[in-house]
2 protein chains.
Amino acid sequence: VPKLKPQELEARRLEIIAAARACFLRNGFHQTTTDQICKEASITPGGLYHYFRGKDDIITAVIEHTTQQTVAKLRAAAEEPDDIGSAFRELAQFLFTTMRDPDIDNIVRLDMEVWVEGLKNEKLAKISRESWGIRRQVLERFIRRSIDEGLYQPGVVEEKAFAGLLMAILIGLRVGKLVWKEDFDLNGAMRMLFMMQSGRLSTTLPPLEVPPK
Amino acid sequence: VPKLKPQELEARRLEIIAAARACFLRNGFHQTTTDQICKEASITPGGLYHYFRGKDDIITAVIEHTTQQTVAKLRAAAEEPDDIGSAFRELAQFLFTTMRDPDIDNIVRLDMEVWVEGLKNEKLAKISRESWGIRRQVLERFIRRSIDEGLYQPGVVEEKAFAGLLMAILIGLRVGKLVWKEDFDLNGAMRMLFMMQSGRLSTTLPPLEVPPK
């Protein structure tokens, strides 16, 4: 490996991460070999080893990098300074952009592979949990702000629980789209979600309670 | 294989399905061998082959059998004859029972393995899609009944889209519980879901629209 300046090393590292992500999205985590990543990144196996010790290290870097990028966009939407109404619309827009990404099915396939792999690899599971935890915290702060600005009922809306529900719904929509294919009306489901969250499904529904465990 | 009457054959088949399901839940789909299933079901490989041609055939039977049982319970709750309010409470109870099943994490792990496997095995993907489709149809009929009985707003609530959303939420809660572990407040998320669906999050939220694709 030729001597590189720190910023050159970092730029090369990011190129390898981008190449690896492209391979994982195209062929899945298990089907991708480090040889394919080397070819995609135009690097030798020895060169790759200088940056990453193996596939687990690479997928960790891919998850961390994707999370940073996603969280930056999510934060920009949720922390939209003008007013909370614009922030709501920006977050909705973020949802549409994410769900309509041409790569979304491959992204969700990779998520599912990482979840399954994480069931027997606690280090990977931890990285994956953290990456979702960081997204959830942005939503928590947004919900807190919505309560403070009078949009959500204080004492009813619990920011951590509600952020967790929203993350679960996001996951469910993504999995539904990938797994149920044309059986799943994604646009209709998002329409119903917006109707539900703004309380427009019904004027007469009785409350239901979650019994203690 | 000794000569068995049709009802004996069917009883033995159900025993094998139960044994296979126990193996799949314990060790996952990929880790389970047909030898383990034979041992669990006290049958020889030749005997097993008389009922199923291989692991794909067995997992198909397990999915179909589980779906039948789940749908029977779901239908009993959703078609609760007395009044729609009781049916709502019965369905909520069904959700709690499902999410608090001691085996739930293993059940969801198996679901995820089947989804990932289904991405390269269209026959398995079809069985999996159908099994969720049958559940969704029960919810669709329940939502139709709720509209007819005046609980949901006609013209706002679309039964297929709303049933799809509810299925996606169910999937998201299950995956969240398995993957996010103690980071995920399942009870809190269910509480927020009930608040959301009965319109209690807010009195002032503006409606959001899903833009055309």
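None of these values were measured; they are calculated from a predicted model. Sequence lines set the chain letters: A, B, ... in the order given, protein chains first and strands last, and positions in each chain run from 1.
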Proximal component of [X], with respect to chain B [non-hydrogen, under 4.5 Å]:
{"X": "A:F96", "value": "side chain"}
{"X": "A:V179", "value": "both"}
{"X": "A:R174", "value": "neither"}

Whether over 12 other heavy atoms sit under 6.0 Å from A:K181 NZ: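 For A:K181, atom NZ is crowded (more than 12 foreign heavy atoms under 6.0 Å).
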A:Y49 atom OH: more than 12 heavy-atom contacts under 6.0 Å: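 No, OH of A:Y49 has 12 or fewer neighbouring heavy atoms, counting only those of other groups under 6.0 Å.
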Residue, of A:I169, A:D185, A:L201, A:L193, that accumulates the most heavy atom pairs under 4.5 Å with chain B: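 Of the candidates given, the most pairs with chain B belong to A:L201.
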Interface residue of largest heavy-atom contact number with chain B, from A:G150, A:G176, A:A189, A:G188, under 4.5 Å: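 Heavy-atom pairs under 4.5 Å are most numerous for A:A189.
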Residue pair B:M196 / A:F162, side-chain heavy-atom distance below 4.5 Å: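 Contact flag for B:M196/A:F162 side chains = yes.
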Check: A:R191 and B:E158 side chains under 4.5 Å, non-hydrogen atoms: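 SC-SC contact between B:E158 and A:R191 confirmed.
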Those residues of residues 102-132 of chain A, ordered by number, that approach chain B below 4.5 Å (heavy atom to heavy atom):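 Within residues 102-132 of chain A, the residues under 4.5 Å from chain B are A:R109, A:M112, A:E113, A:W115, A:V116, A:L119, A:K120, A:S128, A:R129, A:W132.
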Residue, of B:G28, B:G164, B:S146, that accumulates the most heavy atom pairs under 4.5 Å with chain A: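 Of B:G28, B:G164, B:S146, B:G164 has the most heavy-atom pairs under 4.5 Å with chain A.
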Side-chain donor/acceptor of A:R136 to backbone N/O of B:F184, under 3.5 Å: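 Between the backbone of B:F184 and the side chain of A:R136 there is no qualifying donor-acceptor contact (under 3.5 Å).
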Under 3.5 Å donor-acceptor, A:S202 side chain and B:L151 backbone: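 Yes, because the side chain of A:S202 sits within donor-acceptor range (under 3.5 Å) of the backbone of B:L151.
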Contact summary for B:M192 and A:V156, nearest pair of heavy atoms: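 Result for this residue pair: CE-O, 3.0 Å.
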Distance-minimising heavy-atom pair for A:L173 and B:A168: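 It is N-CB, 3.9 Å.
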Interface moiety of B:V157 toward chain A, non-hydrogen atoms closer than 4.5 Å: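 Both parts, backbone and side chain.
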